[in-house]
Colleague: 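Once you've had a glance at the structure underneath, I'll fire off some questions.
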Amino acid sequence: MRVITFIYLLSLSLPLYSQFKYDYTWLMGTRPSGPLYPQNCMNVLTFGGDTLKIKKDSFNSEIFLTNASISDEDGNLLFYSNGCYVKDANHQIMPNGDQLNPGQVYDDNCPDYGYTALDGLIILPQPFNSSKYYIFHQAFNTFSSTPYYRIDRLYYSVVNMSLNNGQGEVIVKNQIILDKLQDSGFQAIKHLNNNDWWVIVKGLDSNVFYKVLLNEQGIASIDTQSIGGIFDDNSSEQYSFTPDGNKFMSFNYGNQLKIFDFDRNTGVLSNYKHIVVDTLEYRIQSGLAISPNSRYAYVSMIDKLYQLDLESQDIEASRILVGEFDGFLYQDTYPVYYYSMRLGPDCKIYMTALSPAPYLHVINNPDEPGLACGFVQHGIELPCIGNYSMPNFPNYRLGTGYPVCDSNIVYVSATGGFVPTPVQEVRVWPNPAREQVSLSLSFPLSQGSTFHLFDQLGREVRREVLSPGRQQVEVGLAGVPSGLYFWSVEGDGKKLGNGKLIIAK
């Protein structure tokens, strides 16, 4: 009887585990020229089941800085937008789905180029309505003084997926929510009731935040709050909530890192902190992402990647440099610098390149401290040029009872799609260890490799070099006390592997 009851309960729970996968399809790409990358080449990343598959497709779309998509609860693509139009899963412009963000900037950049507001669009399911989706999108205007292009409008549009034979139709378009100067980019988060949504937008060169509440009736309220410092800076910021929903953060090179506590019930920001990470002036582009456990913030500035511990008493002093540009050039011409970041459904953080290059940088273990986070530069080669774009998603799973991400998802090649280069396997054993550990590689490297061992504060306690041509080395642990440690192996200019090691003496 117990077995029957367990099977019955399991059958009820299985459908639930297939839900809340609104962010399981990522589109990134453009129409590059050249024999290696055909016209209309788009990267399609699908997180489905236990796999991440990456393939190229040839549909006629171009996505630049404005990039968002939405899948159904099972992870199947519904529609997407580049800020110029809304296209369905068949890559056709929906009825009434053209000419988002009207104005001169639209005429300059759309429909072939893609809109230029970084993180300037996000798609939210309407509460208690399984067929309607709200698109929030920012628009530029032109001015007679510098900066000549500034964002001064926040629109909403609405898609009804029950229309057009289930392919969707835009039933409301370009309705103004705000007509105030705004920073480029914004973010959304679930209300504490786990149904409604907050959309947070910051005023330009001010400390004013606009808080838009979306409920089952539509736009329910627009509130403002002034908090924090005022910075005169017009570069794009990335905004992020911690996955647990307790903190709201933003970062760019001019304003640096700003951290607020956030009340999901009232929408009130509090406990403002300003963290100076790195102020070298040439780092004019930047990115921000938060680890799945909400503890570590990662900020990028062109050629450096920092980790900060949000649980530290002194967040600024907790800063650790976990990545520095290795000089890699695409086609011996384009530096594959660092740019915007996003936490993926597989618990990894992906970073787009600040160049026309077919690569993603990857933080493989963002919940781990220091270099144990496993940052790999140009760790994933894409079949098409990424065109700087990174899709903008909120945490759709907050308040659902399911984790923010699934670390069981692994990267495999899609059938008929892009085939990645062979993956170097690294083995460190025994674990637990006492006097020494052995390190082995699945195949020798021409440039050798280096083994690093870190304590829980991210401090290196042991280093060992495995010279070119060798595949195995023993590492002594004399003087290293018992405890939990983190290891990583670097070789051929990239991270090859990382993991945890228990030392028990």
Colleague: Would you call the rings of Tyr22 and Tyr396 parallel, tilted or perpendicular if under 30° counts as parallel and over 60° as perpendicular?
Modeller: tilted
Colleague: Between Phe186 and Tyr239, does the ring centre distance come in under 6.0 Å?
Modeller: no
Colleague: With sequence neighbours left out, which residue pairs that include part of residues 125-137 fulfil the side chain to side chain donor-acceptor pair (under 3.5 Å) condition?
Modeller: Asn101-His137, Asn129-Ser131, His137-Ser157
Colleague: Angle class for the Phe328/His378 ring planes (parallel below 30°, perpendicular above 60°, tilted otherwise)?
Modeller: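 Phe328 and His378: parallel rings.
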Colleague: Grab the two heavy atoms, one from Phe393 and one from Trp26, that are nearest each other, plus how far apart they are.
Modeller: CE1-NE1, 3.2 Å
Colleague: Would a line drawn from the ring center of Phe375 to the ring center of Tyr298 be shorter than 6.0 Å?
Modeller: no
Colleague: Between CD1 of Ile219 and CZ of Phe136, what distance do you get to the nearest 0.5 Å?
Modeller: 4.0 Å
Colleague: Hey, what do you get for CG (Leu382) to CG (Leu45), rounding to the nearest 0.5 Å?
Modeller: 6.5 Å
Colleague: Going through the distances and angles, do Asp196 and Arg264 end up as a salt bridge (charged side-chain N to carboxylate O under 4.0 Å, His left out)?
Modeller: CA-CA 10 Å; Asp196 304 338; Arg264 290 202 292 133; over 6 Å; no
Colleague: Where do Gln238 and Leu288 come nearest, in terms of heavy atoms and distance?
Modeller: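 Looks like OE1-N, 3.0 Å.
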Colleague: Can you pull out every ring pair (Phe, Tyr, Trp, His ring centres under 6.0 Å) where at least one residue sits in residues 84-103? Sequence neighbours excluded, please.
Modeller: Phe59-His91, Tyr80-His91
Colleague: Can you give me the closest heavy-atom contact between Phe64 and Ser389, atom names plus distance?
Modeller: O-CB, 2.7 Å
Colleague: For Cys110 and Tyr115, which heavy atoms make the closest approach, and how far apart are they?
Modeller: SG-CD1, 3.8 Å
Colleague: When you check the gap from the basic side-chain N to the acidic O, do Arg397 and Asp406 get nearer than 4.0 Å?
Modeller: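 Salt bridge absent between Arg397 and Asp406.
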